[in-house]
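Sequence lines set the chain letters: A, B, ... in the order given, protein chains first and strands last, and positions in each chain run from 1.
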2 protein chains.
Amino acid sequence: MDNQQLKLNNQICFPIYSVSRLITKAYKPFLEEMGLTYPQYLVLLVLWENDNIAMNKIGEKLLLNTNTLSPLIKRMEKMDLLQRKRSNKDERSVFIQLTEKGKKLKNTAIPIPEKLLNTLLTEDVTLTEIMLLKDTLNKWSDILLDRQNDK
Amino acid sequence: MDNQQLKLNNQICFPIYSVSRLITKAYKPFLEEMGLTYPQYLVLLVLWENDNIAMNKIGEKLLLNTNTLSPLIKRMEKMDLLQRKRSNKDERSVFIQLTEKGKKLKNTAIPIPEKLLNTLLTEDVTLTEIMLLKDTLNKWSDILLDRQNDK
DNA sequence: TACATTTGCATCGTGCGCGATTTAATTTTG
DNA sequence: CAAAATTAAATCGCGCACGATGCAAATGTA
């Protein structure tokens, strides 16, 4: 009885947890130049793609609730990256708009994904493999979301 | 110029980040029964495999520094899951030993990995795919660790 | 043996994540 | 229309993660 299934290296949960943290760490040097944290960078990715959207829409895309987003976005407002504005049509929602500073940061961010890819790519890790992993994880994400919404 | 590479769905970082959180959330109901958080569960996985080891060895396995582990393990000591003991040979190191309560919890934990697998498995996600993903992530983990230690 | 360096742990501060709860605005329903 | 239910934010509390710093024990070196 050595309970193989309880061994760290046999579990799927641990590699995902650790690679996630390692990737965040890999982003760090690039994001630090811009004065951003990783979740702040994710919010900007959403806004660069779709400016002036409601806060809950950002949460839907990043799978974050308002108890995480609300203070995060307020910090970003203090950094002059974006502005929060109550909607007139629906006084409950807050719309988020990039400031000039927030818009300009996009230019600095453009080369980051490629730089990160280069950190990862070796003779052992090919672009094909990375794409495959991405697709698998996106599928998992959908499945786990379904599971958790059903309850 | 629509900067495809900056779109959320084209980045590899986001799916890993979100699946990692979704998996932690999937563990939650099982861990709550045991009164554990996810990182605490990981520490127990290490100890069940290898009791009475130094704190820094736990950190090496989980890729966590003492500034995270130290308070985490103190909380677990308060919960009577383990005991901390200074080594006689080297007064700097603290050895961690499971209590009876900590050892017994292993029996409750044994069925968890399988339950979680069942949550994930569908006609779209096969065991083969999960194993493949695990191997890929373990390889990535090694590469990212090398990269970050070289600097 | 003296002194510099390394190692293991602890503490502090900041920023997430997230369950739980509150408040206010809007929508649904009888 | 009025009451009930839903929705969007905000706030609170707790537990990670992690960079930075400090301290004491151990190790390396001249």
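Annotation: Lys104(B), atom NZ; neighbour count of heavy atoms from other residues, nucleotides and ligands within 6.0 Å does not exceed 12.
With the nearest nucleotide of DNA chain D identified for both Pro39(B) and Phe95(A), Phe95(A) has the one nearer the 5' end. Residue-to-nucleotide proximity on DNA chain C shows that, of Leu64(A) and Asn88(A), the 5′-proximal contact is made by Leu64(A). Mapped onto DNA chain C by nearest heavy atom, Thr66(B) and Glu32(B) fall at different nucleotides, with Thr66(B) at the one closer to the 5' end.
Residues Leu62(B) and Arg21(A) approach most closely at O-NH1, 3.3 Å, considering heavy atoms.
The aromatic ring centres of Tyr38(B) and Tyr17(A) sit less than 6.0 Å apart.
Closest to the side chain of Arg84(A), out of dA10(D), dG8(C), dA8(D), is dA10(D). Taking every side-chain heavy atom of Thr37(A) into account, dC16(C) is the closest of dC16(C), dA26(D), dC9(C). The nucleotide whose nearest atom lies closest to any side-chain atom of Lys74(A) is, among dT11(D), dA10(C), dC16(C), dT11(D). When each of dT11(C), dA17(D), dA10(D) is scored by its nearest atom to the side-chain atoms of Tyr17(A), the top-ranked nucleotide is dA17(D). Of the candidate nucleotides dC9(C), dT26(C), dA9(D), dC9(C) has the atom nearest to the side chain of Met55(B). Residue Ala54(B) has its side chain nearest to dC9(C) when only dA25(D), dC16(D), dC9(C) are considered. The side chain of Val94(B) lies closest to dC9(C), out of dA9(D), dC9(C), dC18(D). With distances taken from any side-chain atom of Asp90(A) to the nucleotides dT6(C), dC16(C), dT26(C), the minimum falls on dT26(C).
Distances shorter than 4.0 Å separate some side-chain N or O of Arg75(A) from OP1 or OP2 on dC16(C). Residue Asn56(B) places at least one side-chain N or O under 4.0 Å from the OP1 or OP2 atom of dG8(C). For the OP1/OP2 pair of dG19(D) and a distance below 4.0 Å, the side-chain nitrogens and oxygens of Lys25(A) include no atom meeting the criterion. OP1 or OP2 of dA10(C) has at least one side-chain nitrogen or oxygen of Ser70(B) nearer than 4.0 Å. Between Arg86(A) and dA10(D) there is a side-chain N or O to OP1 or OP2 distance below 4.0 Å.
Atom NZ in Lys89(B) sits roughly 12 Å away from atom P in dT27(D) (whole-Å rounding). The CE-C1' distance, from Met76(B) to dC16(D), rounds to 13 Å in whole Å. The distance between atom CD of Glu77(B) and atom C1' of dA10(C), rounded to the nearest whole Å, is 14 Å. Note: CG (Asn65(B)) to C1' (dC12(C)) measures 15 Å, nearest angstrom. Taking atom NZ of residue Lys78(A) and atom P of nucleotide dG15(C), one finds them 9 Å apart after rounding to whole Å. Residue Glu91(A) contributes atom CD, which lies 19 Å from atom P of dT23(C) at whole-angstrom precision. Taking atom CD1 on Ile58(B) and atom P on dC16(D), their separation rounds to 14 Å, with Å as the unit. As a whole-Å value, the separation of Leu62(A) CG from dC18(C) C1' is 15 Å.
Within the nucleic acid shown, Ser93(A) comes within 4.0 Å of sugar-phosphate atoms alone, with no base atom in reach, counting heavy atoms only.
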Does Lys139(B) form a side chain to side chain contact (heavy atoms under 4.5 Å, CB included) with Val125(A)? I'd like the steps, not just the answer.
CA-CA 8 Å; Lys139(B) 192 170 67 180; Val125(A) 178; 4.1 Å; yes
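Atom NZ in Lys89(A) sits 8.0 Å away from atom CZ in Phe95(A) (nearest 0.5 Å).
Side chain Asn67(B) to base dG19(D): a donor-acceptor pair is found below 3.5 Å.
Between the side chain of Ser93(B) and the backbone N or O of Asp90(B), at least one donor-acceptor pair lies under 3.5 Å.
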